2 protein chains.
Amino acid sequence: MKFEPEALQKQMNHFQNRFRRSGLKLTYQRLEIFHEVAKSVDHPDVETIFKRVRERVPTVSLDTVYRTLWLLLDLELLTTLGPPRERARFEANMSSHHHFVCTKCGMTRDLYSEEFEQLKIPNEVKYLGSVEKTQVQVTGVCWRCSKKVNNLAKKTKELDHEQRE
Amino acid sequence: MKFEPEALQKQMNHFQNRFRRSGLKLTYQRLEIFHEVAKSVDHPDVETIFKRVRERVPTVSLDTVYRTLWLLLDLELLTTLGPPRERARFEANMSSHHHFVCTKCGMTRDLYSEEFEQLKIPNEVKYLGSVEKTQVQVTGVCWRCSKKVNNLAKKTKELDHEQRE
DNA sequence: CTGACTGCAAAGGGTTTGCAGTGCT
DNA sequence: AGCACTGCAAACCCTTTGCAGTCAG
């Protein structure tokens, strides 16, 4: 394994420990799938994870990717953006953070903010349920898309798939 | 039409004006579908909207509901929670507001908060794109689900469908 | 009246499942 | 070696599309 940032190493260790403790089998596929999500910064969906993993592990099947991702969610090694299951986008960053999302292409990046961490929950929430976390989503248009819009004069109304870096 | 709160009336008028101006045809189905979303408070998905509308308009077909909802999104008469298209949940509340979401059943309700309206956007966003809006999502467990969890001692791991009021 | 809209049915695309073979512990 | 896991293919949704009849303007 080539050099990786300390944080990613830590995550991979946590992943391995979690599997050992749970009695589940730590297969090559599972490791590669988690690793792919953990190292990515763009919150890929199932299809994207599949394609990327396949570059290194040409034999993985799409359904293994599905089964593994749902498993990793159950183990709380991953979370999804928005509602769980179906067309979800994944992230391995389990620490408190927030998101910037491009309305045109869906590009999503993590944000950190002192202020966002200290929001006062409105009173009305008391009548709805108990609070686990609070997440801010900043929505807008990424630079790449705003260039496009200017050039094409909003000719294409279609949403592109997310542009990767 | 029976009595409806002023706000809903206003929304329905806006809806009708929007159609007249756009040259699109204001059909019974379109009116009923918009009305269903506008009066609901739980951010229903396509299937749910279809079932509810069908109670009053037994002949509507599912594909008309799809076509109408996408049209209403284009007209900016509706928005979706989370990413657009596919398995979306809809809302007709176009004013700035926030959400409480139950992680167990998906129950979603609107929140209003002075503080949430005045968040300072982190600097890093400048490198990502231009900002259109900022929305806070408070995640937790609704009262109904927390009762259930206590009673059943987390026997069921399945996510229920959202409970309606 | 006429073109836009609806309903139907069939196609399309993403996700899940059953099963036989494989491989982790 | 045993049993969980994988890969394959078929099944199973949910969503979209083509077409003929219908209806709002």
Side-chain angles (χ1 to χ4, degrees), chain A residues 15-36 44-54 56-75 77-78 80 82-90 106 157-159 161-162, chain B residues 15-34 36 44-51 53-54 56-75 77-78 80 82-90 106 157-159 161-162:
Chain A
F15 166 80
Q16 301 201 0
N17 292 335
R18 193 83 180 73
F19 264 80
R20 292 217 183 81
R21 269 189 286 119
S22 66
L24 293 162
K25 295 189 174 171
L26 178 42
T27 64
Y28 182 41
Q29 291 90 329
R30 285 173 175 178
L31 191 137
E32 286 295 336
I33 290 166
F34 179 76
H35 186 238
E36 186 57 54
D45 61 12
V46 177
E47 193 70 24
T48 304
I49 296 169
F50 173 59
K51 281 182 194 151
R52 293 182 189 175
V53 170
R54 191 145 228 199
R56 274 168 297 111
V57 192
T59 62
V60 285
S61 64
L62 183 56
D63 48 283
T64 295
V65 175
Y66 275 104
R67 282 185 286 223
T68 301
L69 289 171
W70 301 156
L71 176 67
L72 295 175
L73 286 183
D74 285 345
L75 293 175
L77 286 163
L78 295 182
T80 57
R85 298 291 193 266
E86 356 230 359
R87 202 58 122 262
R89 297 176 58 142
F90 298 85
K157 258 199 149 181
E158 309 304 293
L159 301 187
H161 285 114
E162 173 170 3
Chain B
F15 165 81
Q16 301 201 0
N17 292 336
R18 194 84 179 72
F19 264 80
R20 291 216 185 83
R21 268 189 287 119
S22 66
L24 294 161
K25 295 189 176 173
L26 178 41
T27 64
Y28 182 40
Q29 291 92 330
R30 286 173 175 179
L31 191 137
E32 286 297 335
I33 290 167
F34 178 75
E36 186 56 55
D45 59 13
V46 176
E47 192 71 23
T48 304
I49 296 168
F50 173 59
K51 282 182 194 149
V53 170
R54 191 147 228 196
R56 276 169 296 112
V57 192
T59 61
V60 286
S61 65
L62 183 56
D63 50 287
T64 296
V65 175
Y66 276 103
R67 281 185 286 221
T68 302
L69 289 171
W70 300 157
L71 176 66
L72 295 175
L73 287 183
D74 285 345
L75 293 175
L77 286 163
L78 295 182
T80 57
R85 300 289 192 264
E86 356 229 359
R87 201 60 119 260
R89 298 175 58 142
F90 298 83
K157 258 200 150 182
E158 309 303 294
L159 301 188
H161 285 116
E162 172 171 5

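Below, read A as the first sequence line, B as the second, and so on, with proteins coming before strands; counting in each chain starts at 1. In this text the structure is predicted, and so the values were computed from the model without any measurement.
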Engineer: How long is the straight-line distance from OG1 of B/Thr48 back to CD of B/Glu36, given to the nearest 0.5 Å?
Structural biologist: 9.5 Å
Engineer: Going from OG1 on A/Thr80 to CG on A/Asp45, what distance comes out if it is rounded to the nearest 0.5 angstrom?
Structural biologist: 12.0 Å
Engineer: How many angstroms lie between CG in B/Leu72 and CZ in B/Arg18, if you round to the nearest 0.5 Å?
Structural biologist: 10.0 Å
Engineer: Starting at atom CZ of A/Arg30, determine the distance to atom C1' of C/dG23, rounded to an integer number of angstrom.
Structural biologist: 12 Å
Engineer: Could you state the atom-to-atom distance from CZ of A/Phe50 to P of C/dG13 in whole Å?
Structural biologist: 16 Å
Engineer: In whole angstroms, how far is the P atom of C/dC8 from the CD atom of B/Gln29?
Structural biologist: 11 Å
Engineer: Any side-chain N or O of B/Thr59 less than 4.0 Å from the OP1 or OP2 oxygen of C/dT6?
Structural biologist: no
Engineer: Roughly how far, to the nearest 0.5 Å, is CD1 of A/Ile33 from OH of A/Tyr28?
Structural biologist: 11.0 Å
Engineer: Taking CZ from B/Arg20 and P from C/dA4, how many angstroms apart are they, rounded to a whole number?
Structural biologist: 20 Å
Engineer: From CZ of A/Arg21 over to P of C/dT25, roughly how many Å is that when rounded to an integer?
Structural biologist: 15 Å
Engineer: For nucleotides 18-25 of chain D, just jot down a letter per nucleotide in 5' to 3' order: B, S or -, based on protein non-hydrogen atoms under 4.0 Å.
Structural biologist: B-----BS
Engineer: How many Å lie between CD on A/Glu47 and P on C/dT16, as a whole number?
Structural biologist: 13 Å
Engineer: Round to the nearest Å and state the distance from A/Leu71 atom CG to C/dT16 atom P.
Structural biologist: 13 Å
Engineer: Find the distance between CZ (A/Phe50) and CG (A/Asp63) and round it off to the nearest 0.5 Å.
Structural biologist: 8.5 Å
Engineer: Starting from P on C/dG13, measure out to CG on A/Asp45 and report it in whole angstrom.
Structural biologist: 16 Å
Engineer: Would you say D/dG7 has OP1 or OP2 under 4.0 Å from some side-chain N or O of A/Ser61?
Structural biologist: yes
Engineer: Keeping B/Arg30 on the side-chain end and B/Lys25 on the backbone end, is there a donor-acceptor pair under 3.5 Å?
Structural biologist: yes
